[in-house]
2 protein chains.
Amino acid sequence: MGMSPLAEAFVLHFGEMGSRWGINRTVGQIYALLYISAHPLPADEIAETLNFSRSNVSMGLKELQSWQLVRLQHLPGDRREHFSTPDDIWQIVRTLAEQRRRREIDPTLSVLRDLIVAQPAGAEERHAQEKLREMHDLIELLTGWADEVQKLDTGELVSLLKLGSRVVGLLELKNRLPFIGQKRREAHSAEDSPPPD
Amino acid sequence: MGMSPLAEAFVLHFGEMGSRWGINRTVGQIYALLYISAHPLPADEIAETLNFSRSNVSMGLKELQSWQLVRLQHLPGDRREHFSTPDDIWQIVRTLAEQRRRREIDPTLSVLRDLIVAQPAGAEERHAQEKLREMHDLIELLTGWADEVQKLDTGELVSLLKLGSRVVGLLELKNRLPFIGQKRREAHSAEDSPPPD
DNA sequence: CTGATCTTTCAGAATTTTCTGAAATTACAG
DNA sequence: CTGTAATTTCAGAAAATTCTGAAAGATCAG
């Protein structure tokens with residue numbers, strides 16, 4: 001491969017990891033290469049660097065574009081299309097979460113809902129439906145949370161993550177001083193906040 | 001397949017989803033079947049129900065056991081081994097997170113660290129290393145957070161998830177009343193279980 | 001022990017996924 | 001327009017993964 005050992009090691013590892021997460025190894029390698037590249041790269045250079053056929057790169061890039069993980073741009077004085085990843089790694093995470101949700105999570109929730117509302121044909125099915133409901137509720141809770149934190153700006157998100165489980169202390173604090181929390185936000189969806197008196 | 005339409009729909013969908021997340025379709029189906037089953041199942045029944053060869057089921061169960069996702073038990077009066085999933089779905093999520101971390105995240109962090117400390121051979125490599133460092137830090141932040149929330153009991157975890165982004169309000173609250181937080185913990189290092197006062 | 005039952009292993013078959021080269025299509029400079 | 005360079009498509013080849021049957025290996029009741 002026409003790469004420094006450092007780049008090669010990363011690209012190979014990333015491709016391997018990709019394939020363990022359901023992403024085609026080649027696509028993973030293309031992404032890795034774009035990610036560490038200081039400049040947008042044209043498809044033929046990617047093909048040359050990774051020793052893939054030009055058509056394979058074309059398909060890989062198409063896949064990455066369908067996931068909105070790469071962007072295309074034209075450089076002045078060059079007719080070829082150049083590809084790059086977003087500069088902000090948090091944007092990458094957000095896109096990934098959003099796409100996987102759209103493609104996999106939402107359809108799964110929909111299947112689960114359909115199965116849960118069906119009339120059970122006996123005790124076995126009733127039990128199965130109960131398990132499906134548990135799974136549904138869990139996925140919904142997790143994705144609901146993900147939706148919420150997607151709305152935060154990166155700084156807030158990082159603070160939250162750094163806080164980790166210590167946030168539980170704040171939860172307790174809130175429960176002991178509910179009146180303070182009230183003042184900050186007006187009637188949100190009245191899910192779990194204690195009703196204002 | 002020897003299953004109700006409900007079970008079949010779930011098993012097929014779950015197998016499909018599994019394969020999109022890097023889990024062999026067959027293994028996904030076996031897991032799905034065990035998950036909705038009201039009783040532990042012996043391997044030969046799984047094979048019959050899903051129309052897989054007995055050996056395929058054996059390998060699938062071995063894989064699931066290596067992930068600690070199924071448990072084996074002996075039922076009185078039956079020499080066969082019976083398999084089941086944990087009853088608590090949160091336990092399943094925890095196990096999955098733990099295993100993926102051990103198998104994929106940690107090795108990735110290790111590769112990234114090695115590459116980051118290498119002497120860069122030019123500007124391109126320096127840029128690449130900077131990108132790798134960003135990725136490393138992000139993964140470390142996320143897994144650190146995951147570690148922390150793993151320590152919470154399920155009730156606390158659910159409260160936190162339900163709170164979603166509204167937790168940011170609590171963060172602001174904390175920043176406005178630092179003395180309260182102070183009282184609860186000294187230095188903000190790796191402690192977490194708040195000593196009950 | 002013995003033999004019946006259950007489980008695992010593994011080489012090769014079957015299947016699925018990925019990759020390629022050739023041809024078709026598109027884009028655009030002149 | 002025209003011709004060249006860039007890109008995409010897609011049928012079949014190649015490769016990777018999964019699955020199976022047969023045989024070997026466990027386990028255990030009697």
Side-chain angles (χ1 to χ4, degrees), chain A residues 1 11-12 14-34 39-67 70-84 103-104, chain B residues 1 11-12 14-34 39-67 70-84 103-104:
Chain A
M1 296 192 186
V11 163
L12 291 179
F14 200 90
E16 206 52 55
M17 283 307 109
S19 78
R20 295 218 203 170
W21 287 82
I23 290 152
N24 170 341
R25 203 184 318 270
T26 308
V27 173
Q29 292 187 10
I30 294 173
Y31 192 80
L33 180 61
L34 291 177
H39 319 282
L41 297 176
D44 55 351
E45 262 183 48
I46 298 173
E48 192 179 7
T49 306
L50 298 176
N51 267 302
F52 297 158
S53 71
R54 179 63 182 72
S55 60
N56 194 3
V57 172
S58 178
M59 293 178 119
L61 288 170
K62 190 178 155 197
E63 172 83 1
L64 287 169
Q65 277 178 288
S66 84
W67 282 80
V70 298
R71 60 189 47 166
L72 176 153
Q73 60 199 286
H74 286 276
L75 298 193
D78 194 331
R79 243 173 89 179
R80 298 172 301 178
E81 294 173 318
H82 292 244
F83 296 86
S84 60
R103 293 169 179 236
E104 280 131 14
Chain B
M1 297 192 187
V11 163
L12 291 178
F14 200 89
E16 206 51 54
M17 283 306 111
S19 78
R20 295 219 205 170
W21 286 83
I23 291 152
N24 169 343
R25 202 184 320 271
T26 308
V27 173
Q29 292 187 9
I30 293 173
Y31 192 79
L33 180 61
L34 292 176
H39 320 282
L41 297 176
D44 54 351
E45 263 183 46
I46 297 172
E48 192 179 4
T49 306
L50 298 176
N51 267 302
F52 298 158
S53 72
R54 178 64 182 74
S55 60
N56 194 3
V57 171
S58 178
M59 292 178 121
L61 288 170
K62 190 178 153 197
E63 172 83 1
L64 287 170
Q65 279 178 286
S66 84
W67 283 80
V70 299
R71 60 189 46 165
L72 176 154
Q73 61 199 287
H74 285 275
L75 298 194
D78 195 330
R79 240 175 89 180
R80 297 172 302 176
E81 295 173 316
H82 291 244
F83 296 87
S84 61
R103 292 168 182 237
E104 280 131 12

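In the text below, chain A, chain B and the rest are named by the order of the sequence lines, each starting its count at 1.
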Checklist entry - Counting just side-chain N and O atoms, does B/Lys62 come under 4.0 Å of either OP1 or OP2 of C/dT7? => result no
Checklist entry - In whole angstroms, how far is the C1' atom of C/dC28 from the CZ atom of A/Arg80? => result 15 Å
Next on the checklist: Going by salt bridge (Lys or Arg N to Asp or Glu O under 4.0 Å), name the residues that satisfy it together with A/Glu104, two or more places apart in sequence or in a different chain.
Outcome noted: A/Arg100, B/Arg20
Next on the checklist: The criterion is side chain to side chain contact (heavy atoms under 4.5 Å, CB included); which residues satisfy it with B/Met59, sequence neighbours excluded?
Outcome noted: none
Item to check | Value in whole Å for how far the P atom of C/dA27 lies from CG of A/Leu75 | outcome: 18 Å
Item to check | Sequence-distant partners of B/Arg80, salt bridge (Lys or Arg N to Asp or Glu O under 4.0 Å), two or more places apart | outcome: B/Asp44, B/Asp78
So which protein nitrogen or oxygen atoms get under 3.5 Å of nucleotides 24-30 of chain D's nitrogens or oxygens?
residue	atom	partner	partner atom	Å
D/dT27	O2	B/Arg79	NH2	2.5

Provide a list of protein-nucleic acid N or O atom pairs under 3.5 angstrom, restricted to nucleotides 14-20 of chain D.
residue	atom	partner	partner atom	Å
D/dT17	OP1	A/Arg25	NH2	3.1
D/dC19	OP1	B/Thr26	OG1	2.3
D/dC19	OP2	B/Asn24	OD1	3.4
D/dC19	OP2	B/Asn24	ND2	3.3
D/dC19	OP2	B/Thr26	OG1	2.4
D/dC19	O5'	B/Asn56	ND2	3.4
D/dT20	OP2	B/Ser53	N	2.9
D/dT20	OP2	B/Ser53	OG	3.0
D/dT20	OP2	B/Asn56	ND2	3.0

Item to check | Side chain to side chain, A/Phe83 and A/Ile30, heavy atoms closer than 4.5 Å | outcome: no
Item to check | Worked check of side chain to side chain contact (heavy atoms under 4.5 Å, CB included) between A/Glu81 and A/His74 | outcome: CA-CA 5 Å; A/Glu81 294 173 318; A/His74 286 276; 3.6 Å; yes
Item to check | Taking every non-hydrogen atom, the tightest pair across A/Arg25 and A/Ser19 | outcome: NH1-OG, 3.5 Å
Next on the checklist: Is there a side-chain contact between A/Leu61 and A/Ile46 in this structure, where contact means two heavy atoms from C-beta onward sitting under 4.5 Å apart?
Outcome noted: yes
Checklist entry - Starting at CD of A/Glu81 and ending at C1' of C/dC28, how long is that distance when rounded to a whole Å? => result 12 Å
Item to check | Spacing of A/Glu63 atom CD relative to D/dT7 atom C1', expressed in whole Å | outcome: 17 Å
Checklist entry - C/dT7 C1' sits how many Å from B/Ile46 CD1, rounded? => result 13 Å
Item to check | salt bridge (charged side-chain N to carboxylate O under 4.0 Å, His left out) pairs, two or more places apart, involving residues 51-60 of chain A | outcome: none
Checklist entry - For B/Ser58 and C/dT7, is the shortest distance between a side-chain N/O and OP1 or OP2 below 4.0 Å? => result no
